[in-house]
Amino acid sequence: MQEFPGLRILQQPFGETLFSFLCSTAKQISQIKQCCLEVANRLGEDLGCGNYAWPGWDAIAEAGEDLLRECRLGYRSRYIWKVAKILSKDQEFELRLASEGYPQAKATLMQLPGVGAKVADCVLLFGCGRLEAFPVDTWITKVMARRYNLGGWDTAKVVQFGQVHFGSAAGLAQQFLFASERAH
DNA sequence: GTCCAGGTTAAAA
DNA sequence: TTTTAACATGGA
């Protein structure tokens, strides 16, 4: 916390957050940014100064899977397009999710194609204000093995450890661990 | 050429 | 129930 005094959890828009992390699976961070920018450039509203908004599910559903592939999203394109179709026809999804407790909300998200435990936790943490979510990716796996001696632990067990050890602000702790591990 | 990247899924063991 | 392989694409 002393090393990263300005680190915060943002309250990012739900749809944009889900979309971004659907794009993120097994991809490098620099490439994730490129893909998201490309989709926004192609479909999003012109915000001026060369910036474009996230298009929203309706536009993505209408654009189709092929356009997503052209944005270099690869096999993720099918999942993202399916999710776009589901959520463009279900305007109440986010509201319903907000009424659910953390375990049920995570389960609900994981019913969407392409959404596993890690993406669900990222969406809950960054897009739903659920600070108890503890996303475990390759970086967290490494740092928890190195600093907490959890080498060889099953991913779900590492999630559980983080939530028990850090409690109601597990997601905030995760951000410091993540930032620290990537900086070194 | 090989390996891996802010994983998930479906099939095989 | 646990383990493996496929999935697209690009950079190291």
Side-chain angles (χ1 to χ4, degrees), chain A residues 3-4 7-42 54 60 63-87 103 105-148 150-163 166 170-184:
Chain A
E3 194 177 353
F4 301 96
L7 191 58
R8 298 290 187 273
I9 303 278
L10 301 181
Q11 298 184 27
Q12 302 176 74
F14 172 75
E16 186 170 343
T17 305
L18 174 54
F19 173 82
S20 300
F21 281 100
L22 276 168
C23 298
S24 77
T25 62
K27 225 170 178 23
Q28 292 189 141
I29 293 174
S30 61
Q31 295 181 24
I32 298 166
K33 291 181 188 173
Q34 291 279 17
C35 292
C36 292
L37 283 174
E38 185 69 20
V39 173
N41 289 342
R42 292 257 206 142
W54 178 67
I60 295 169
E65 181 181 335
D66 287 343
L67 181 138
L68 295 172
R69 288 188 182 275
E70 289 172 12
C71 297
R72 296 165 190 173
L73 284 164
Y75 63 87
R76 304 161 194 81
S77 303
R78 180 170 294 107
Y79 298 142
I80 296 168
W81 185 59
K82 283 184 178 178
V83 170
K85 285 198 296 183
I86 293 170
L87 294 192
K106 184 171 178 177
T108 299
L109 279 170
M110 287 177 66
Q111 289 181 343
L112 296 172
V115 178
K118 189 271 178 182
V119 169
D121 270 334
C122 284
V123 172
L124 289 170
L125 179 58
F126 302 117
C128 303
R130 309 292 185 107
L131 278 293
E132 66 267 52
F134 190 79
V136 175
D137 57 33
T138 55
W139 295 95
I140 299 299
T141 299
K142 282 179 196 167
V143 73
M144 295 305 280
R146 188 165 65 80
R147 303 179 77 114
Y148 289 83
L150 304 189
W153 279 42
D154 182 79
T155 301
K157 287 290 183 187
V158 178
V159 173
Q160 195 175 6
F161 178 93
Q163 291 175 327
F166 298 111
L172 184 59
Q174 190 266 17
Q175 286 297 277
F176 284 101
L177 291 165
F178 179 85
S180 172
E181 188 65 12
R182 270 184 62 83
H184 299 146

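Throughout, a chain's letter reflects where its sequence line sits, starting with A, and its residues are numbered from 1. All values reported here derive from a predicted model rather than from experimental measurement.
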A:I80 atom CD1 is separated from B:dT8 atom C1', nearest whole Å, by 12 Å
Which part of the nucleic acid, if any, lies within contact of A:V136, taking any heavy atom under 4.0 Å across all strands shown: a base, the sugar-phosphate backbone alone, or nothing?
nothing
By nearest-heavy-atom nucleotide on DNA chain B, the more 5' of A:P135 and A:P113 is A:P135
Under 4.0 Å, heavy atoms only, any strand: does A:E181 hit a base, just the sugar-phosphate, or nothing?
nothing
Whole-Å distance, A:K27 NZ to B:dG7 P, equals 12 Å
Take the protein atom CZ of A:R76 and the nucleotide atom P of B:dT8, then report the distance between them rounded to whole Å.
11 Å
Might you work through the side-chain contact (heavy atoms from CB on, under 4.5 Å) test for A:V136 and A:W153, ending with a clear yes or no?
CA-CA 12 Å; A:V136 175; A:W153 279 42; over 6 Å; no
Between B:dG7 atom C1' and A:L18 atom CG, what is the distance in whole Å?
14 Å
Counting side-chain heavy atoms from CB outward, which of B:dG6, B:dG7, B:dA5 is closest to A:K142?
B:dA5
Less than 4.0 angstrom between a side-chain N/O of A:R72 and OP1 or OP2 of C:dA8, yes or no?
no
For B:dT8, does OP1 or OP2 lie under 4.0 Å from any side-chain N or O of A:K82?
no
Closest to side chain of A:Q31, choosing from C:dG11, B:dG7, B:dG6:
C:dG11
Under 5.5 Å between ring centres and under 30° between planes: true for A:W139 and the base of B:dG6?
no
More than 12 non-hydrogen atoms from neighbouring residues, nucleotides or ligands closer than 6.0 Å to CZ on A:R147, yes or no?
no
Which nucleotide wins on minimum distance to the side chain of A:I29, given the candidates C:dA8, B:dG7, B:dG6?
B:dG6
Decide side-chain contact (heavy atoms from CB on, under 4.5 Å) for A:F19 and A:I60; before the verdict, give the C-alpha distance in whole Å, the side-chain angles of both, and the deciding distance to 0.1 Å.
CA-CA 10 Å; A:F19 173 82; A:I60 295 169; 3.8 Å; yes
Distance between the P atoms of B:dG6 and C:dT4, in whole angstroms?
24 Å
According to a strict under-4.0 Å criterion, is A:R69 in side-chain N/O contact with OP1 or OP2 of C:dA8?
yes
To the nearest Å, give me how far apart CD1 (A:I32) and P (B:dA5) are.
12 Å
Closest listed nucleotide, where the reference is the side chain of A:Y79 and the choices are C:dC7, B:dT9, C:dG11
B:dT9
Report the residue from A:S77, A:C23, A:C35 that forms a side chain to side chain contact (heavy atoms under 4.5 Å, CB included) with A:L68.
A:S77
Measure CZ/A:F21 against P/B:dA5 and give the value in whole Å, please.
17 Å
How many whole angstroms separate atom CZ of A:F178 from atom C1' of B:dA5?
12 Å
Starting at the 5' end of DNA chain B and moving along, which residue's nearest nucleotide shows up first, A:I140 or A:L112?
A:I140
Shortest non-hydrogen contact from A:F4 toward A:A183
CZ-CB, 3.9 Å
Rounding to the closest angstrom, what is the interatomic distance between C:dA8 and B:dA11 at atom P?
15 Å
Given A:F21, which of A:I32, A:V119, A:V115 fulfils the side chain to side chain contact (heavy atoms under 4.5 Å, CB included) condition?
A:V119
Tell me: CZ of A:F19 to P of B:dG6, nearest whole Å?
17 Å
